[in-house]
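Report on the following structure.
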Amino acid sequence: MARKAAGRPQEETLSLWKREQALLKTLVVDRDTEAWQRDLAFSGLQRVGGVDVSFVKGDSVSACASLVVLSYPELEVMYEDCRMVSLTAPYVSGFLAFREVPFLVDAVQQLREKEPRLMPQVLFVDGNGVLHHRGFGVACHLGVLTDLPCIGVAKKLLQVDGLENNALHKEKIRLLKGGGDSFPLMGGSGTVLGMALKSHDHSTKPLYVSVGHKMSLEAAVRLTHGCCKFRIPEPVRQADIRSRDYIRRTLGVQGAPALRPERSKKAQRPKACPQGASEEPAEVSCCVINCSVKSTWQRTEPTCPSPCEGAILEVHPPALAVI
DNA sequence: GCGACAG
DNA sequence: ATCTTGTCGC
């Protein structure tokens with residue numbers, strides 16, 4: 001049963017979301033905080049993570065959230081966690097995080113509790129970081145809430161603060177010679193918001209890299225290039241492939257195209273395969289912990305008839321918003 | 001009516 | 001994000 005998309009949020013909700021973004025934005029660290037980030041070979045970096053959310057085609061509510069961890073520099077998958085989720089917030093440009101980030105935070109929290117040794121040292125996020133309407137895209141949001149270094153990687157240019165995908169921009173793209181070449185994306189205020197990166201030699205379309213959290217733009221661009229076997233950085237690419245595959249396996253061969261949420265419970269088992277122990281991946285329990293952030297959407301729209309002001313009393317890394 | 005629009 | 005097969009090229 002394909003559920004309908006939630007409509008556009010009320011203006012009041014968008015105001016609350018903007019306030020939350022403004023508050024959390026003050027916690028973003030846009031410089032290198034780890035030793036490996038300043039090393040030319042990234043020595044000390046062993047695990048890179050990627051997250052993604054894939055959707056069920058006729059359904060804008062059912063989706064698969066995935067978190068993968070790859071070894072660096074080999075880029076082999078060490079950990080994979082896919083789970084079906086029901087999205088409550090609609091997609092609104094500029095507010096992507098309110099739709100997807102609660103489930104990604106949950107996935108990181110699971111990993112932190114069950115397999116802390118596999119915690120990635122940096123997370124690649126499908127979407128922008130500070131290259132955003134209000135300087136706080138999904139990569140910043142996830143970074144602040146998890147306290148992990150994050151890199152925003154978008155496939156299309158978000159045209160904000162004077163940035164335009166115009167003829168001049170396209171010409172700059174055409175002038176990129178080989179993989180690793182990039183040019184700065186300067187906002188109207190004179191600030192460099194991100195970089196357009198040719199992720200490998202034969203890629204026509206660039207990647208738009210921006211700082212998410214706890215990492216400089218220079219290191220973010222260099223590491224992104226270092227994680228690209230193909231156009232899309234391998235951590236995000238694997239998260240995407242595996243989440244889509246998970247949906248196909250879960251909803252595919254059943255005959256009836258109807259969604260069966262009860263089946264997903266059985267399938268909720270992330271596999272951890274440290275050091276290729278055996279062919280059979282170790283089972284990891286996967287109970288969902290309700291200690292992570294409730295989305296503002298869930299707090300205000302369906303459940304709170306009276307405006308609960310979305311007051312945030314306390315924020316600290318990992319910055320978990322508390323009502 | 002027209003352009004914009006991360007995922 | 002998703003709708004969609006084969007096809008052309010390295």
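Every chain is numbered from 1, with letters handed out A, B, ... down the list of sequences.
- Using a cutoff of 4.0 Å between basic side-chain nitrogens and carboxylate oxygens, A/D126 and A/K155 are scored as salt-bridged.
- Side-chain polar atoms of A/S216 and A/D32 form a donor-acceptor pair below 3.5 angstrom.
- Between B/dA6 and A/Y91, a contact under 4.0 Å exists linking OP1 or OP2 to a side-chain N or O.
- Atom NE2 of A/H132 and atom P of B/dA6 are 11 Å apart (whole Å).
- Residue A/N165 contributes atom CG, which lies 15 Å from atom P of B/dG3 at whole-angstrom precision.
- Here B/dA6 presents its C1' atom at 14 Å from CG of A/L193, a figure rounded to the nearest Å.
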Taking N or O atoms only and anything under 3.5 Å, show me the protein contacts with nucleotides 1-6 of chain C, one pair per line.
residue : atom : partner : partner atom : Å
C/dA1   : OP2  : A/K155  : NZ           : 3.0
C/dT2   : OP2  : A/R244  : NH1          : 3.3

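- Among the atoms of the strands shown, base atoms are found under 4.0 Å from some heavy atom of A/G94.
- Looking at A/D147 and A/K214, a side-chain N of the basic residue comes within less than 4.0 Å of a carboxylate O on the acidic one, giving a salt bridge.
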Distances for protein N/O vs nucleotides 7-10 of chain C N/O pairs under 3.5 angstrom?
none

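- The CD-P distance, from A/E164 to B/dG3, rounds to 14 Å in whole Å.
- A/F124 does not carry A/R237 over the face of its six-membered ring by the limits of under 6.0 Å from the centre and within 45° of the normal.
- With rounding to whole Å, A/L157 atom CG is found 10 Å from B/dG7 atom P.
- Between A/R134 atom CZ and B/dA6 atom P the separation is 13 Å, expressed in whole Å.
- One can place CG of A/L185 at 15 Å from P of B/dA6, the figure rounded to the nearest angstrom.
- A cation-pi arrangement is absent between A/R47 and A/Y72 under the rule of less than 6.0 angstrom and at most 45 degrees off the ring axis.
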* Steps toward side-chain contact (heavy atoms from CB on, under 4.5 Å) verdict (A/L45, A/L223) -> CA-CA 10 Å; A/L45 177 62; A/L223 181 59; 3.6 Å; yes

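- Residue A/H202 is classed as having no contact, given no heavy-atom separation below 4.0 Å to the nucleic acid.
- A salt bridge links A/D245 to A/R248: one of the charged nitrogens lies within less than 4.0 Å of a carboxylate oxygen.
- Contact check on A/K57 versus A/D59 returns no salt bridge, with no Lys/Arg side-chain nitrogen under 4.0 Å from an Asp/Glu carboxylate oxygen.
- Not a single salt bridge (charged side-chain N to carboxylate O under 4.0 Å, His left out) links A/E11 to another residue, sequence neighbours left out.
- A distance of about 15 Å separates the C1' atoms of C/dT2 and B/dC5, rounded to the whole Å.
- Spacing between atom CG of A/N128 and atom C1' of B/dA6 amounts to 5 Å, rounded to whole angstrom units.
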